[in-house]
Amino acid sequence: MQLTHHTARQATLVLGGTGKTGRRVVERLTARGLPVRVGSRSGEPPFDWEDRSTWAPALDGACSVYLSYYPDLAIPGAVEASASFAELAVASGVRRLVLLSGRGEPEAERAEQAVRDTGAALTILRSTWFMQNFSEDYMLEHVLSGEIRLPGGDVPTPFLDVEDIADVAVAALNDDRHAGQVYELTGPRSLTFADVAQEIGEAAGREIRYVPLSLEQHAVEAAEHGVPAEVIELLTYLFSEVVVDGRNAETTDGVRRALGREARDFGDYARDAAASGVWSSSAVTA
Ligand SMILES: NC(=O)c1ccc[n+]([C@@H]2O[C@H](COP(=O)([O-])OP(=O)(O)OC[C@H]3O[C@@H](n4cnc5c(N)ncnc54)[C@H](OP(=O)(O)O)[C@@H]3O)[C@@H](O)[C@H]2O)c1
């Protein structure tokens, strides 16, 4: 009984533990033999941002938390929800928090401050756009159709491999040296969407074009494809705030600072994603 309690006390709760970053954090902690709990609607017990009654059971016995909000810290209510959750976490005995934040989003920085105010040992992973959006999220459909039709202009973005986020998260969850740090995380090269189309096309062995759209055109096309209105609103916000003015085009040394090695390059990501078959013609479904 004592041992069970002790083991449970060591658990790390990984929010979004089946998603792009969380799944990889769970894999790494499990591989190290560390106790881990998936915090998502399909977790055991389930965790739902929309249902506060699920928060305390998910936190019960956890000593650290990987806090990844869904869908985005920029949506209305996200700052308040992540702040309330972090307060509850600290009140229920969590000592260490690792917060996945967004680079260049003022709301994300408000969330960072609110979570910092809880007094937990906090590491902030202020991340730019993920490479895996092209293979594990809505941009995959664009790639499979052969045309990346987005309002990304011709501004470069230093896309980040989520494998690097997971490595930094696990380091921060297990080593006090990272407490109090804010890591601005980017990949090692800034690429325009036209560069991305070319590199994915070369890796996947197929023709892929970037077609720059206006924000309005993109909203109309997304609606025609059945994308929900609130998601279109979020994408419009992200493209107009985070990408298009070039404020976030520069690379940073965050991965090197956190891990002592360089960030993964888009070319390596594209090679591995292509090898997984996710971009092959047979992945195109009716
Ligand atoms: N994508 C990017 O380029 C990017 C860049 C910087 C920062 N971020 C930040 O990364 C975070 C995650 O974004 P993502 O796009 O990578 O998503 P993701 O982690 O791939 O999202 C899916 C995860 O969220 C869970 N989930 C969905 N709805 C939920 C709910 N109502 N309550 C609890 N869990 C829920 C899902 O599990 P279940 O289905 O089991 O619930 C799954 O584990 C966001 O805060 C975003 O701001 C993203």
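For the single chain, residues carry numbers from 1 onward in sequence order. Both ligands and their constituent atoms are indexed starting at 1 by order of listing.
- Protein heavy atom nearest atom 14 (P) of ligand 1, with residue, atom name and distance: Lys20 NZ, 3.4 Å.
- For atom 41 (O) of ligand 1, the closest non-hydrogen atom of the protein is Arg41 NE, 2.7 Å.
- The number of heavy-atom neighbours closer than 6.0 Å to CG of Asp117, taken from other residues, nucleotides and ligands shown, is above 12.
- Note on ligand 1: Val38 sits outside its first shell, no heavy atom being nearer than 4.0 Å.
- Annotation: atom 37 (O) of ligand 1 to nearest protein heavy atom, Thr18 OG1, 3.0 Å.
- Side-chain contact between Leu15 and Phe47: present, with at least one pair of heavy atoms (C-beta onward) separated by less than 4.5 Å.
- Ligand 1 places these atoms under 4.0 Å from at least one heavy atom of Asp137: 15 (O).
- Pairing each heavy atom of Met131 with each of Arg264, the nearest pair is CE-O, 3.3 Å.
- Scanning Val26, Leu100, Ile75 for the heavy atom closest to atom 9 (C) of ligand 1 points to Leu100.
- Near Ser127, meaning under 4.0 Å from one of its heavy atoms, ligand 1 places the atoms 6 (C).
- Remark: ligand 1 and Glu105 share no N or O pair separated by less than 3.5 Å (distance only, no angle test).
- With hydrogens and angles left out, the side-chain atoms of Thr54 and Asp51 include no donor and acceptor closer than 3.5 Å.
- For the residue pair Glu221 and Leu213, the shortest heavy atom distance occurs at OE1-CD1, 3.6 Å.
- Residue contact check: Phe47 has heavy atoms under 4.0 Å from atoms 32 (N), 33 (C) of ligand 1.
- Not a single heavy atom of Ala78 lies less than 4.0 angstrom from ligand 1.
- Using a 4.5 Å cut-off on side-chain heavy atoms (C-beta onward), Trp129 and Pro158 make no contact.
- Of the candidates Tyr70, Trp129, Tyr69, the one placing a heavy atom closest to atom 12 (C) of ligand 1 is Tyr69.
- Side-chain polar atoms of Ser84 and Arg52 form a donor-acceptor pair below 3.5 angstrom.
- Taking every heavy atom of Ser42 and a limit of under 4.0 angstrom, the matching atoms of ligand 1 come to 40 (O).
- Atoms of ligand 1 lying under 4.0 Å from at least one heavy atom of Gly17, given by number and element, are 43 (O).
- Looking only at atom types and distance, the side chain of Thr186 has no donor-acceptor partner in the side chain of Thr251 under 3.5 Å away.
- With respect to atom 31 (N) of ligand 1, the closest heavy atom belonging to the protein is Asp48 OD1, 2.9 Å.
- Each of the following atoms of ligand 1 lies closer than 4.0 Å to a heavy atom of Gly16: 23 (C), 24 (O), 43 (O).
- Scanning Gly39, Pro71, Ser68 for the heavy atom closest to atom 46 (C) of ligand 1 points to Pro71.
- Atom 32 (N) of ligand 1 has Trp49 N, 3.0 Å as its closest protein atom, hydrogens excluded (heavy atom only).
- Here the closest heavy-atom approach between residue Glu105 and residue Ala74 is recorded as OE1-CB, 3.5 Å.
- The protein heavy-atom contact nearest to atom 4 (C) of ligand 1 is Phe130 CZ, 3.3 Å.
- Classification of Arg189 and Glu250 as a salt-bridged pair fails, no side-chain N sitting under 4.0 Å from a carboxylate O.
- Closest to atom 1 (N) of ligand 1 by heavy atom, among Thr157, Leu99, Asn133, is Asn133.
- Salt bridge status for Arg126 with Glu112: present, with a side-chain N to carboxylate O gap under 4.0 Å.
- Those atoms of ligand 1 that come under 4.0 Å of a heavy atom in Ser101, given as number and element, are 7 (C).
- Listed here is the closest heavy atom pair of Val98 and Ala172: CG2-CB, 3.7 Å.
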